[in-house]
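Values reported hereafter were calculated over all heavy atoms of this structure, with side chains retained and with hydrogens, waters and symmetry mates removed. Throughout, protein chains are lettered first and strands after them, A, B, ... in sequence-line order, and every chain is numbered starting at 1.
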Amino acid sequence: MRNFELAKIFYEIADFLEIREVEFKPRAYEKAARVLGTLEKDAGEIYKDGGLKALEDIPGVGKHIALKIEEFIKTGRIKEYEKLKKKCPVDMEALTAVEGLGPKMIKVLYQKLKIRNLKDLEKAAKDGKIRKLEKFGEKSEKNILQGIAFLKKGKGRFSLGFVLPLVGKIIRELKELKEVQEISPAGSIRRMKETIGDIDILAISKNPEKVMDFFVNRSGVEKVWAKGPTKSSVRLREGLDCDLRVIKKESFGAALQYFTGNKDHNILTRRLAMNKGLKLNEYGVFRGKKRIAGRTEKEVYQAIGLPYIEPELRTNTGEIEAALKGHLPKIISYNDILGDLQVHTKWSDGSDTIEGIAEAAKKMGYQYIAITDHTGDLKIAGGLDEERLLKQMEEIDKINKKFKNLKILKGCEVNIRKDGSLDMPDEILAKLDIVLAAVHSGFKTDKDSMTKRMIKAMENPNVDVIVHPTGRVLFRRGPYQLDFEEILKAAKRTKTALEINAFPDRLDLKDTDIRQAVEAGIKLVINTDSHHQNQFHYMELGIAQARRGWAEKKDILNTQPVEKLLENFL
DNA sequence: GCCGTTTTCGGCCCGACTGTTTTCAGTCG
């Protein structure tokens, strides 16, 4: 994928230009980078099929950026980028990832303290050198150290949303080999964990050598750690490792079971087997030397006295006890969702028209879709004022007439201000089908004020859903300080739903929050927060999150048909 | 540098918050 490399370079160019106080160009490069990052087709392919002209058709890409893309495809480098980087040779990507650190501060840190990377930065902060700089102080130094610590926690891990397409591609390629009879992801990917350390894949084949040969010689393999007939391990270009195991048909279920559950889940299942006088390993369930199960996972679980346990639940967080008692939840399935309730359009910071979104929703097989653009205060995101929101509502009425079997719901995403008030008057909100409310500023507010702020918003009868309720962003910042139990109580009292935001780096609520909410009887919705129709498929990530949080279909409002759904939002 | 029923130049719709420099620059969404 050249797109990610190009996006990274353009983001950096934007930062370098920002440092030089060039006007407007940084925004242009950022936009091009952002669009490239969400493109399905590789820029190399686009260029091959349609040349410069096709590149210029990418939104945000004009003549000059198209030429730079061409240069990169032909030579593997972009001269102007290298020139800029020479003037300020810092690891911009790593440094800007520290929360609160932007290009201007990075420039000062480089000029005064020769800080080029995270290591330099951490040392300087620990040595107390940063607080002495002009415009910096003790607090900035502390924040920098906290930011670095946060980054370190996520180091070497990748978001599920990034890894899933990669795994899909590897599996598709392997599947095409006639030697591969069956293939499945295992490990944390199969459990759909929100971040992934490495990729595990299992396959059945009678000719493992051929399969392994293909696997280690794929393009995209950077290094071969090990290669044998049953197991091979490689480092992928994207920076993570991928293991492939080839097993025999009769052991496939046992191997899947063995390589999918986390360590504690596996210890418990093996203990259960032992108590029954059986042995469970990756080859099967054995009584003495006789294999009594192993072909399918269902068979394996059955043999040790358990019902089938969904992969997402296999984390030893009570699923085995529940299974033994017959109390396993009937978790929501991947095709239960009937519509997406958070989507942005051109009217604010999205890139599609309402009509385009509606078409895409039909393709997803949805029965409804809510248009929920930003409002008032969030100007950079094109926040709608009253007049524009009213106009959009009229527009939706018109478009609705063109669609059969799809209802476009009128909505918006209002900002919860610091005092808990909203940035759109109640009489306007009352006209909408659905009102989402969210915190977009003042993340560092203390726990008590933040909790009160959110509860005040929930008490507004127009507010139907609190979206991305904890504000965390994977690898970038933790949740804001919040008394979650109080939030749950308020949600129950005010009949406000909470969102499971499916956007790959949000996944907010997280699994443990969801489980707590489900236990408290809170209604949830799963939304993608799409800003482009090719983000609709993120829904899978949100559903996975819900499944990991033991949510059932009945807990998720957007599994209901539209009339019933809207009753919740009166 | 991109974009355009303002079409080849002149816009690019920012506002809140934070920390620090007590008046504002930098960051974020």
Side-chain angles (χ1 to χ4, degrees), chain A residues 9-11 13-36 52 55-69 78 80-81 84 92 95-109 130-144 146-147 344 346-351 373-385 387-388 413-423 438-446 449-450 453 467-468 471-473 476-477 480 501 503 505-506 508 529 531:
Chain A
I9 291 175
F10 290 147
Y11 275 125
I13 291 181
D15 289 333
F16 287 131
L17 293 171
E18 189 84 53
I19 283 179
R20 301 173 150 219
E21 312 210 353
V22 178
E23 277 193 298
F24 303 115
K25 287 190 190 184
R27 297 291 85 71
Y29 276 102
E30 251 168 44
K31 173 148 195 239
R34 205 168 42 241
V35 173
L36 279 166
L52 272 178
L55 289 177
E56 283 182 49
D57 284 342
I58 302 169
V61 174
K63 201 171 153 197
H64 290 86
I65 291 186
L67 281 169
K68 289 193 174 68
I69 297 176
I78 293 174
E80 192 170 328
Y81 163 68
L84 286 164
M92 201 49 107
L95 292 174
T96 48
V98 179
E99 218 212 330
L101 217 52
K104 297 271 170 70
M105 287 165 83
I106 290 169
K107 179 190 181 188
V108 175
L109 290 168
I130 291 177
R131 68 178 73 182
K132 291 182 192 142
L133 291 177
E134 230 178 291
K135 303 198 178 183
F136 288 79
E138 267 182 58
K139 272 203 174 158
S140 3
E141 194 172 82
K142 206 179 109 214
N143 282 339
I144 284 172
Q146 272 176 0
H344 299 260
K346 272 190 167 172
W347 286 69
S348 67
D349 58 346
S351 41
D373 281 301
H374 290 287
T375 57
D377 289 347
L378 219 58
K379 285 288 190 312
I380 187 66
L384 304 179
D385 55 23
E387 200 184 324
R388 297 246 307 146
E413 181 185 3
V414 291
N415 297 299
I416 304 173
R417 290 183 173 136
K418 203 160 182 187
D419 61 358
S421 67
L422 307 175
D423 64 350
V439 168
H440 287 109
S441 63
F443 302 126
K444 289 198 169 146
T445 314
D446 65 276
S449 326
M450 186 59 100
R453 173 182 180 187
V467 297
H468 44 77
R472 65 109 174 235
V473 179
R476 224 175 74 223
R477 65 165 193 246
Y480 24 72
N501 189 295
F503 211 78
D505 54 2
R506 280 199 185 269
D508 177 10
D529 203 349
H531 288 64

K.L.:
Taking the side chain as C-beta and beyond, is there a heavy-atom pair between K444(A) and N143(A) under 4.5 Å?
P.N.:
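A side-chain contact exists here, since the closest heavy-atom pair is under 4.5 Å.
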K.L.:
Between dC3(B) and dC13(B), how far is it from one C1' atom to the other, in whole Å?
P.N.:
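One C1' to the other, the span is 15 Å.
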K.L.:
Atom NE2 of H468(A) and atom C1' of dC28(B): how far apart are they, to the nearest Å?
P.N.:
13 Å
K.L.:
Please check the phosphate of dG29(B) (OP1 and OP2 only) for any side-chain N or O of R476(A) closer than 4.0 Å.
P.N.:
yes
K.L.:
Using a cut-off of 4.0 Å between protein heavy atoms and nucleotide atoms, how would you tag nucleotides 19-26 of chain B 5' to 3' with B, S and -?
P.N.:
SSB---SS
K.L.:
Using whole Å, report how far NE2 of H374(A) lies from P of dG29(B).
P.N.:
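In whole Å, dG29(B) P and H374(A) NE2 are 11 Å from each other.
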K.L.:
Above 12 or not: heavy atoms from other molecules or residues under 6.0 Å from NZ of K346(A)?
P.N.:
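Incorrect, the count does not exceed 12.
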K.L.:
Write down the distance separating the C1' atoms in dA16(B) and dT6(B), rounded off to the nearest Å.
P.N.:
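It comes out at 32 Å once rounded to the nearest Å.
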K.L.:
What pairs with Y81(A) under side-chain hydrogen bond (donor to acceptor under 3.5 Å, both in side chains), at least two apart in sequence or on another chain?
P.N.:
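Scan of Y81(A) (side-chain hydrogen bond (donor to acceptor under 3.5 Å, both in side chains), adjacent residues dropped) gives E12(A).
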K.L.:
R472(A): what forms a salt bridge (Lys or Arg N to Asp or Glu O under 4.0 Å) with it, not counting sequence neighbours?
P.N.:
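By the salt bridge (Lys or Arg N to Asp or Glu O under 4.0 Å) rule, R472(A) matches E194(A).
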K.L.:
Figure out the CZ/P separation between F503(A) and dG29(B), and round it to whole Å.
P.N.:
12 Å
K.L.:
Taking only residues two or more places apart in sequence, or in another chain, which ones meet S351(A) in a side-chain contact (heavy atoms from CB on, under 4.5 Å)?
P.N.:
H532(A)
K.L.:
Say you pick atom C1' in dG29(B) and the same atom in dT21(B); how far apart are they, in whole Å?
P.N.:
26 Å
K.L.:
Could you tell me the separation between the CZ atom of R27(A) and the C1' atom of dC28(B), rounded to a whole number of Å?
P.N.:
11 Å
K.L.:
Under 3.5 Å for both donor-acceptor distances, Watson-Crick or wobble: does dT8(B) have a partner, and if so which one?
P.N.:
none
K.L.:
Roughly, in whole Å, what's the span from CE in M450(A) to C1' in dC17(B)?
P.N.:
12 Å
K.L.:
Write down the distance between CZ (R477(A)) and P (dT18(B)), rounded to a whole number of angstrom.
P.N.:
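After rounding, the gap between these two atoms is 13 Å.
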K.L.:
Please state the C1' separation for the pair dT8(B) and dG1(B) - nearest whole angstrom.
P.N.:
14 Å
K.L.:
Which value, in whole Å, describes the distance between the P atoms of nucleotides dC12(B) and dT5(B)?
P.N.:
16 Å
K.L.:
Taking the same atom, P, in dC17(B) and in dC9(B), what whole-Å distance lies between them?
P.N.:
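Result for the P pair: 43 Å, nearest Å.
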K.L.:
Roughly how many Å is it from CG in D373(A) to P in dC13(B), rounded to a whole number?
P.N.:
16 Å
K.L.:
Please report the distance, rounded to the nearest Å, between CZ in R506(A) and P in dG29(B).
P.N.:
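Going from CZ in R506(A) over to P in dG29(B) covers 8 Å.
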K.L.:
Using the side-chain contact (heavy atoms from CB on, under 4.5 Å) criterion, which residues pair with A28(A)? Sequence neighbours excluded.
P.N.:
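Listed in chain order: nothing, the list is empty.
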K.L.:
Between the protein and nucleotides 1-5 of chain B, list the N/O to N/O atom pairs that are separated by less than 3.5 angstrom.
P.N.:
unit_1, atom_1, unit_2, atom_2, d
dG1(B), OP1, Y29(A), OH, 3.3
dG1(B), OP1, K68(A), NZ, 3.3
dG1(B), OP2, K25(A), NZ, 3.1
dC2(B), OP1, G62(A), N, 2.6
dC2(B), OP1, G62(A), O, 3.2
dC2(B), OP1, I65(A), N, 3.1
dC3(B), OP1, G60(A), N, 2.6

K.L.:
My understanding is that only residues two or more places apart in sequence, or in another chain, count here; which of them pass side-chain contact (heavy atoms from CB on, under 4.5 Å) with D15(A)?
P.N.:
M92(A), T96(A), P103(A)
K.L.:
Just the table, please: protein N/O against nucleotides 6-8 of chain B N/O, every pair under 3.5 Å.
P.N.:
none

K.L.:
Return the set of residues passing ring pair (Phe, Tyr, Trp, His ring centres under 6.0 Å) with H344(A) (not counting sequence neighbours), or none when no residue passes.
P.N.:
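H344(A) satisfies ring pair (Phe, Tyr, Trp, His ring centres under 6.0 Å) with H374(A), H531(A) once adjacent residues are dropped.
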K.L.:
With rounding to the closest Å, how many angstrom separate the P atoms on dG26(B) and dT20(B)?
P.N.:
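Result for the P pair: 14 Å, nearest Å.
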K.L.:
To the nearest 0.5 Å, what is the distance between NZ (K68(A)) and CG (L55(A))?
P.N.:
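That separation rounds to 13.0 Å.
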K.L.:
Can you name the ring pair (Phe, Tyr, Trp, His ring centres under 6.0 Å) partners of F10(A), sequence neighbours left out?
P.N.:
Y29(A)
K.L.:
Can you list the residues that meet the side-chain hydrogen bond (donor to acceptor under 3.5 Å, both in side chains) rule with R477(A), with sequence neighbours excluded?
P.N.:
none
K.L.:
Tell me, please, which residues at least two apart from D385(A) pass side-chain contact (heavy atoms from CB on, under 4.5 Å).
P.N.:
E387(A), R388(A)
